[in-house]
Amino acid sequence: MSKPIVVQTCWMPEAFIQKAAEAGKIELRLWKPQEGERRMTAPQEWIKEHIQGASALMCTPMNKVSEEIFEAAGPSLKVVSTMSVGFEHIDREAAKQRGIRVGYTPDVLSPAVADVGLLLALNVMRHVLDGMNTVKTGTWLKKPWSPLSFCGPALEDKTVGFIGFGSIAQALVLKLLPFKPGKIVYRTSKPRAFDIKDDYFRFLLQDDMLQCYHQCHQRLPVPVENEPDLKALAEQCDVIFLISTLNASTHHLVDAAFLRAMKPSAYLVNIGRGPLVDTPALVEALHKNEIAGAGLDVLEGEPNISADHPLMAPELEDKCDVRGAICDG
């Protein structure tokens, strides 16, 4: 009996697949970069060539898994698994028609992504990168000093908004509580009133201290409210975390109209998907001071982001924090 074939499009940190191959339980077709090659995951041509006769495909968001891939694999392909929370790079309708199961990794990285969201918010609000760049470029003496040099607003008493309120957002709420925000406002795909007994909000009560607080006071330390209207959320929030899934209805959810509705003193932090934000509209809003700043873990068009991207223009360096991993050029 022939061994099942597993195609893996890049190195992954877990070794169980490699161990299964060494034990003779599977045939592993693992893509490896050539010497000097900067690419970190398999190109489409390699996948099409090696997927033939495979039972399983292990991929990343950088791999487009389309009908073309399924056709090349043939009827043997039974499962596609992606090392990501998102799965928009997989043609799920085509997979469903062929009886191919799709696996992904929800909630695994929720605390880590929440860390990044908090980091970006603090960086852009407190002008951390502006201060660092001033020292690195030797221009500190050339910048006029004022009592508010390199200062920025605190999270305390601020209204913090969330577009998308799943496990990542709820993990981020827990990390925000020590900063004493004034109110948490969230929007979900369908209106959902806040009820701590609703299983949807179960991630909040994974924190023991918060459970104790709720048992003693029958409330959370900060008000949590649902705001179904996108414009109303934009108008009232001081910081907005964008953590929605990407689909046809959320593409460019944050557009010029949304950005104009935000307070000029407000900040946008995107830790969801790049295309949730209309990039030219964000560039214009920052140049026109329609919002105070943006922290971006993701960008539309990544990973094909060059160092001369308009969001990394020198005049925006104190308003926009873009994580370096997505703009290596």
Side-chain angles (χ1 to χ4, degrees), residues 38 112-161 172 175-182 234 237-243 254 256 258-260 262-274 276-329:
R38 292 190 63 189
V113 178
D115 284 348
V116 172
L118 180 58
L119 171 72
L120 287 168
L122 291 173
N123 273 356
V124 71
M125 293 176 73
R126 292 300 200 175
H127 300 286
V128 173
L129 290 184
D130 186 27
M132 185 181 72
N133 289 332
T134 297
V135 175
K136 285 180 66 176
T137 57
T139 56
W140 198 349
L141 289 174
K142 299 177 183 178
K143 288 197 173 185
W145 182 88
S146 78
L148 297 180
S149 291
F150 307 119
C151 292
L155 283 164
E156 187 170 356
D157 294 327
K158 296 296 188 294
T159 298
V160 180
L172 183 48
K175 296 176 188 294
L176 284 168
L177 290 180
F179 292 89
K180 300 179 180 178
C237 291
D238 300 294
V239 187
I240 297 175
F241 290 96
L242 189 55
I243 324 179
V254 173
F258 180 95
L259 292 163
R260 283 194 297 268
M262 289 176 65
K263 300 176 183 180
S265 58
Y267 296 84
L268 176 73
V269 179
N270 186 5
I271 52 175
R273 290 288 182 267
L276 294 171
V277 177
D278 182 338
T279 301
L282 178 58
V283 172
E284 183 176 358
L286 290 168
H287 278 289
K288 290 184 175 180
N289 296 316
E290 291 178 345
I291 65 172
L296 306 172
D297 182 45
V298 287
L299 274 182
E300 192 170 22
E302 64 178 70
N304 300 313
I305 306 297
S306 61
D308 61 354
H309 190 281
L311 283 170
M312 283 167 283
E315 59 270 26
L316 295 182
E317 67 178 17
D318 64 334
K319 295 181 180 180
C320 190
D321 179 7
V322 181
R323 286 195 71 205
I326 59 175
C327 57
D328 291 335

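These figures come from a predicted structure and were not determined experimentally.
- The SG atom of Cys320 sits 9.5 Å away from atom CG of Leu129, with the distance rounded to the nearest 0.5 Å.
- With rounding to the nearest 0.5 angstrom, the OG1 atom of Thr279 is 10.5 Å from the CG atom of Leu276.
- With sequence neighbours left out, the salt bridge (Lys or Arg N to Asp or Glu O under 4.0 Å) criterion links Glu317 to no other residue.
- Between the side chain of Lys319 and the backbone N or O of Leu286, at least one donor-acceptor pair lies under 3.5 Å.
- Contact detail for Cys237 and Ala266: the closest heavy-atom pair is O-CB, 3.6 Å.
- The two residues Ala114 and Leu172 come nearest to each other via the heavy atoms O-CD1, 3.4 Å.
- In this structure, His127 and Gly152 approach most closely via the heavy-atom pair CD2-CA, 4.0 Å.
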Derivation of the side-chain contact (heavy atoms from CB on, under 4.5 Å) call for Leu296 and Leu282:
CA-CA 11 Å; Leu296 306 172; Leu282 178 58; 4.0 Å; yes
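- Met125 contributes atom CE, which lies 13.0 Å from atom SG of Cys151 (distance to the nearest 0.5 angstrom).
- Looking at heavy atoms from C-beta onward, Val298 lies out of side-chain contact with Ile271 at the 4.5 angstrom threshold.
- The closest donor-acceptor contact from the side chain of Lys143 to the backbone of Thr139 lies at 3.5 Å or more, if one exists at all.
- Results of the side-chain contact (heavy atoms from CB on, under 4.5 Å) test with Asn123 over Asp130, Val269, Asp321 single out Asp321 as the only residue that passes.
- Side chain of Glu302 to backbone of Leu299: a donor-acceptor contact under 3.5 angstrom is found.
- Using a 4.5 Å heavy-atom threshold, the side chains of Leu316 and Met312 count as separate.
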Would Phe150 and Val128 count as a side-chain contact (heavy atoms from CB on, under 4.5 Å) if you check the C-alpha gap in whole Å, the side-chain angles of each, and the deciding distance to 0.1 Å?
CA-CA 8 Å; Phe150 307 119; Val128 173; over 6 Å; no
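- Under the 4.5 Å side-chain criterion, counting only non-hydrogen atoms from C-beta, Val239 is in contact with Leu155.
- Side-chain contact check for Phe258 versus Asp278: every heavy-atom pair is 4.5 Å or farther apart.
- Atom OH of Tyr267 and atom CE of Met262 lie 10.5 Å apart (nearest 0.5 Å).
- Separation of atoms CG (Leu120) and CG (Leu268) is listed at 10.5 Å; rounding is to 0.5 Å.
- Checking side-chain atoms of Asp238 against main-chain N and O of Thr159 turns up a donor-acceptor pair under 3.5 Å.
- A donor-acceptor distance shorter than 3.5 angstrom exists from the side chain of Asn270 to the backbone of Arg273, with no hydrogens or angles considered.
- Side chains of Leu176 and Phe241 form a contact here, defined as non-hydrogen atoms less than 4.5 Å apart.
- With sequence neighbours excluded, no residue forms a salt bridge (Lys or Arg N to Asp or Glu O under 4.0 Å) with Lys180.
- Atom CG in Leu259 sits 7.0 Å away from atom CD in Glu290 (nearest 0.5 Å).
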